[in-house]
Amino acid sequence: MTKILVVDDEEDMLILIKNIFKKRNYTVDIYENPLFVDESNLSSYNLIILDIMMPNIDGISFCKKIRDKVDCPIIFLTAKTMESDLVEGLASGGDDYITKPFGVDELLARVEAHLRREKREKHSSLMLDDIRIDLSSRQIYSKGKILPFTKSEYEICELLARRKGQVFSRDQIYEIIFGYDGKGDSSAISEHIKNIRSKFKKYDVMPIETVWGIGYKWK
């Protein structure tokens, strides 16, 4: 049974979304206040929908708070159109966004596309060409051999691999990996990337691409 969590401070929006998904025989839990969500139960959801603008805690902050507890797609609902807001949402751990107002068909298409992808992927590992990332053991393999990544190098690789094709700046990577309280400078990310590439190069793979003037992405 597919289970979806929806958090939005507009009651009418929650009822609308719940009715849409109930017609697909999905189980839908709705909350007007993210602070009332039982975080110990988050792993039971197949997908989470978060409104960005909420009075108690905004959707981006809530996403950051729960991202390490869930492995499912997170989709933002937003009335905002500024690119910086959307980038921040995706950098916080979101997988996609839908701009309000939206049509029923658009919402269903986006959600069901993510659900189909999740059924294809095994959460225990990520397979990307000749590279396998074991999410349980936090090990990265290339051609059957374990690559000797440090904790920080592994986390950078996992971040980029989970969002293949998405570009992250050095500052975004630093904030996601080390947090606001990280002691250091985002320039350290360049050194980490250099070391990661050196280790991948030994196996003739180069999955991380520099997008000049912007940042890095997993090809």
Side-chain angles (χ1 to χ4, degrees), residues 42-43 45-48 63-75 86-97 110 112-219:
L42 287 172
S43 61
Y45 294 106
N46 301 101
L47 185 137
I48 297 172
C63 178
K64 291 178 180 178
K65 184 171 183 280
I66 67 171
R67 195 53 188 162
D68 63 348
K69 300 177 183 179
V70 295
D71 196 22
C72 68
I74 295 177
I75 298 177
L86 301 178
V87 169
E88 183 183 2
L90 296 176
S92 73
D95 296 274
D96 202 353
Y97 67 90
R110 292 282 192 92
E112 293 183 343
H114 283 282
L115 292 174
R116 284 194 301 271
R117 186 192 68 189
E118 290 299 298
K119 289 178 181 177
R120 291 195 300 266
E121 294 179 353
K122 299 297 182 182
H123 291 304
S124 59
S125 65
L126 296 174
M127 295 296 300
L128 303 114
D129 298 322
D130 292 330
I131 298 168
R132 181 171 71 87
I133 301 178
D134 189 314
L135 302 173
S136 299
S137 65
R138 296 170 66 82
Q139 298 278 5
I140 298 178
Y141 297 79
S142 181
K143 301 175 182 177
K145 300 291 181 69
I146 297 177
L147 280 69
F149 289 120
T150 65
K151 178 177 181 292
S152 295
E153 290 167 357
Y154 169 84
E155 289 177 348
I156 291 170
C157 287
E158 182 182 324
L159 168 67
L160 297 178
R162 278 183 180 273
R163 296 164 180 82
K164 181 179 177 182
Q166 181 181 337
V167 182
F168 290 88
S169 69
R170 291 190 314 180
D171 288 339
Q172 288 172 333
I173 295 172
Y174 187 85
E175 180 184 324
I176 293 168
I177 301 300
F178 301 107
Y180 287 110
D181 298 326
K183 296 179 180 179
D185 187 271
S186 63
S187 61
I189 298 300
S190 297
E191 290 302 311
H192 284 309
I193 296 290
K194 180 180 177 182
N195 292 335
I196 290 168
R197 285 174 167 163
S198 176
K199 294 173 183 180
F200 274 129
K201 188 176 181 181
K202 294 179 181 179
Y203 294 88
D204 296 319
V205 290
M206 194 61 64
I208 296 178
E209 178 181 330
T210 298
V211 180
W212 296 108
I214 304 176
Y216 305 99
K217 70 176 182 179
W218 193 284
K219 293 190 288 186

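Keep in mind that this is a model prediction, so the values were computed, not measured.
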Taking all non-hydrogen atoms of both residues, which atom of [X] and which atom of [Y] are closest, and how far apart?
| X | Y | result |
| --- | --- | --- |
| Cys63 | Gly94 | SG-N, 3.8 Å |
| Leu147 | Phe200 | CD2-CD2, 3.4 Å |
| Cys72 | Tyr45 | CB-O, 3.6 Å |
| Ser142 | Val205 | OG-CG2, 3.9 Å |
| Ile133 | Ala161 | CD1-CB, 3.4 Å |

First locate atom [atom1] of [X], then atom [atom2] of [Y], and finally report the distance between them rounded to the nearest 0.5 Å.
| X | Y | atom1 | atom2 | answer |
| --- | --- | --- | --- | --- |
| Asp96 | Ile75 | CG | CD1 | 5.5 Å |
| Asp204 | Lys202 | CG | NZ | 12.5 Å |
| Ser43 | Ile66 | OG | CD1 | 11.5 Å |
| Ile177 | Tyr154 | CD1 | OH | 10.5 Å |
| Glu153 | His192 | CD | NE2 | 7.0 Å |
| Lys219 | Leu160 | NZ | CG | 12.5 Å |

Do any N or O atoms from the side chain of Arg110 and from the backbone of Tyr97 form a donor-acceptor pair under 3.5 angstrom?
yes
Using a 3.5 Å distance criterion without hydrogens, assess whether the side chain of Arg197 forms a donor-acceptor pair with backbone atoms of Ile208.
yes
As a test of understanding, state which of Val167, Thr210, Ile156 forms a side chain to side chain contact (heavy atoms under 4.5 Å, CB included) with Tyr216.
Thr210
Taking side chain as C-beta onward, heavy atoms only, is Cys157 less than 4.5 Å from Ile196?
yes
Could you tell me if the side chain of Lys194 sits less than 4.5 Å from the side chain of Glu191, heavy atoms only?
yes
Apply side chain to side chain contact (heavy atoms under 4.5 Å, CB included) to Arg163 and list each qualifying residue two or more places apart in sequence or on a separate chain.
Arg67, Leu159, Gln166, Phe168
Please assess Tyr141 against Tyr203 for the test ring pair (Phe, Tyr, Trp, His ring centres under 6.0 Å), listing each intermediate value before the final yes or no.
CA-CA 10 Å; Tyr141 297 79; Tyr203 294 88; over 10 Å; no
Does a donor on one side chain and an acceptor on the other come within less than 3.5 Å for His114 and Asp95?
no
